[in-house]
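Data block below; observations after.
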Amino acid sequence: MTFSLRPTYDDPRTAELVDRLRDYLDGELADHERERGLTHATPLSRADLEPVWHRSRELGFYGIHLPEAYGGQNLTYAQLAALKEEVGASGRVLAHSVLGDMGGPLRAGDILGHATEYQLDKYLLPLIRGERACCFSLTETDAGSDVRSMRTVAVRDGDGYRLTGHKVFSSAGPFADFAIVVARMAGTGEQERDKPRFSAFLVDLDSPGCRVEDGATPMSGEHIESDIVLDDCFVPAANLLGEEGRGMRIALGRVTTNRLLHCPTVLGATRRALALTLDRTRTRKVAGGQPLLMLQAIQHKVADMATEFYAARSMTYAALAALDEGREVHAEAFMCKLFVAESAFRILDEAVQIHGKEGLTQGNEIEYLFRKIRMFRILTGTSEIQRNGIAKLLAFNH
């Protein structure tokens, strides 16, 4: 893998998909956002997102990673990663809706294999077609990294369950029709305290006893989060996802794969920041009229930034290639998440420094990217948790 801020691919299929995706992101999607006056801080509505879902589906991108039986193209992980990187590098506000990250097939995760025919017909196939949207509700105020501390409880009631609890940081909640909710099964005494059981449910967000409330606004400024409040909300037994007591396994299934697949999107955003910074150093004049890039101090900064990016990207795609070969990459996934998060943050920090006051100004893309990238050191598992995982694997497997 060679260094490039506009990668090319030897695989003809990947190259063709990336070219078509770039055309859409820079063409139709850019026009759509411009017509609506959208920015990263704009409160989005279904009216903003649905045209993107439908057009992306027409172009073959929405759910493209899925098997052909579900209308996808059965991509390899490396191929999907290449597309996710382009999404991240595009700078588009609605890029998260093109492949289905925001409420679509990628947000639903690997639950198709756990769904009944009824659940497929009512929930998941309409989601794949861009007719419905979902959010994933696992996190609670006091149950972030320690998800087993969750307090949302499910109580059996006749031919269903009653759910009570308060979920936070449900991404895509403002646009969703239903949520994938993980709840603790109500038990008695020591069973509930010492060995809790969890189940996953498909919950219609317009159900009695279910409220969707405005969630906290993350430091990125995006309005994409909701709280899901459940107050004795009845959920039919037909909406139990998989087996009772297996919800945590469903929720955390394919963690290694998902951890890796978050990295290409961040790499794309970092790639864009690096390109914007190089443009800045070429066009910004300093005393004497020479470009900023002529200063050795700046040359060293951009050299380090490019080198870190190359290293982070190379290790990510190496791990994805191993995953495509069917090899286990548990340690590598932890390492990639850690190194990509920390390297991307260092690169963005230098990008802000090089942009000077403009890099500190709201409305400047570098300032937004800095806030967005900073979040990745915490989201989907903090850097400390990645280090814990690496150390544990080293201790017991080597």
Side-chain angles (χ1 to χ4, degrees), residues 1-8 18-19 21-27 29-31 33-34 37-42 82 84-96 218-222 263-316 339-377:
M1 175 176 290
T2 56
F3 174 82
S4 176
L5 292 181
R6 193 173 175 85
T8 57
V18 166
D19 285 344
L21 180 59
R22 286 172 177 165
D23 288 343
Y24 174 56
L25 292 167
D26 296 338
L29 187 58
D31 293 340
E33 293 178 0
R34 194 176 303 111
L38 302 180
T39 71
H40 291 290
T42 302
K84 287 174 70 69
E85 183 181 336
E86 291 307 316
V87 164
S90 70
R92 299 274 74 84
V93 176
L94 300 179
H96 51 48
M219 65 187 297
S220 66
E222 298 166 292
C263 293
T265 306
V266 174
L267 288 169
T270 308
R271 194 179 98 196
R272 180 166 179 82
L274 185 51
L276 291 170
T277 301
L278 286 171
D279 287 343
R280 167 80 172 180
T281 63
R282 295 186 187 107
T283 58
R284 177 72 171 181
K285 299 296 191 296
V286 296
Q290 65 177 347
L292 192 61
L293 190 55
M294 294 302 292
L295 300 178
Q296 189 178 68
I298 300 301
Q299 292 172 357
H300 288 182
K301 284 183 182 293
V302 297
D304 287 343
M305 293 162 71
T307 301
E308 281 216 67
F309 172 76
Y310 178 49
R313 186 172 187 270
S314 296
M315 70 186 295
T316 299
F339 192 75
V340 169
E342 297 298 324
S343 296
F345 176 71
R346 287 190 291 267
I347 291 169
L348 262 295
D349 188 53
E350 290 287 27
V352 170
Q353 195 73 16
I354 291 171
H355 276 76
K357 187 176 181 180
E358 290 184 21
L360 303 174
T361 305
Q362 291 189 3
N364 183 282
E365 189 172 0
I366 286 293
E367 187 270 343
Y368 162 74
L369 287 171
F370 175 82
R371 289 184 281 116
K372 182 75 171 177
I373 292 299
R374 177 60 183 85
M375 294 169 58
F376 191 59
R377 295 174 67 200

Can any side-chain N or O of R377 pair as donor or acceptor with the backbone N or O of A341 at less than 3.5 Å?
no
Give me the atom names and distance for the closest heavy-atom approach of G359 to E367.
O-CB, 3.4 Å
Heavy atoms of V87 and S90 approach each other most closely as O-OG, 2.9 Å
So which atom in R371 and which in M219 form the shortest heavy-atom distance, rounded to 0.1 Å?
NH1-O, 2.7 Å
Flag the pair R271 and E86 as a salt bridge only when some basic side-chain nitrogen lies within less than 4.0 angstrom of an acidic carboxylate oxygen.
yes
Shortest non-hydrogen contact from V286 toward P291
CG2-O, 4.3 Å
C263 SG to M315 CE distance, which is reported to the nearest 0.5 Å
8.5 Å
Quick check: closest heavy atoms across M1 and Y310, and the distance to 0.1 Å?
O-OH, 2.5 Å
Within the supplied structure, the quantity of interest is the number of heavy atoms (other residues, nucleotides, ligands) at a distance under 6.0 Å from Q290 CD; does it exceed 12?
yes
My understanding is that only residues two or more places apart in sequence, or in another chain, count here; which of them pass salt bridge (Lys or Arg N to Asp or Glu O under 4.0 Å) with D279?
R282
Within 6.0 Å of CD in Q299, more than 12 heavy atoms from elsewhere
yes
With under 30° as parallel and over 60° as perpendicular, where do the rings of F345 and F370 fit, or are they tilted in between?
tilted
After noting the C-alpha distance and the side-chain angles of F309 and S343, does the key distance pass the side chain to side chain contact (heavy atoms under 4.5 Å, CB included) rule?
CA-CA 7 Å; F309 172 76; S343 296; over 6 Å; no
Going by the salt bridge (charged side-chain N to carboxylate O under 4.0 Å, His left out) test, which pairs reach into residues 284-306, not counting sequence neighbours?
K301-E350
Is a donor on one side and an acceptor on the other found under 3.5 Å between the side chain of S314 and the backbone of A311?
no
Return the set of residues passing salt bridge (Lys or Arg N to Asp or Glu O under 4.0 Å) with R280 (not counting sequence neighbours), or none when no residue passes.
E358
Look up atom CZ in R22 and atom CG in L29, then write down how far apart they are to the nearest 0.5 Å.
15.5 Å
For T277, run the side chain to side chain contact (heavy atoms under 4.5 Å, CB included) check against I347, L293, I354 and tell me which one passes.
I354
Flag the pair R346 and D349 as a salt bridge only when some basic side-chain nitrogen lies within less than 4.0 angstrom of an acidic carboxylate oxygen.
no
Please give me the minimum heavy-atom distance between L267 and A312, naming the atom from each residue.
CD2-CB, 3.9 Å
Donor-acceptor pair, E33 side chain versus V93 backbone, under 3.5 Å?
yes
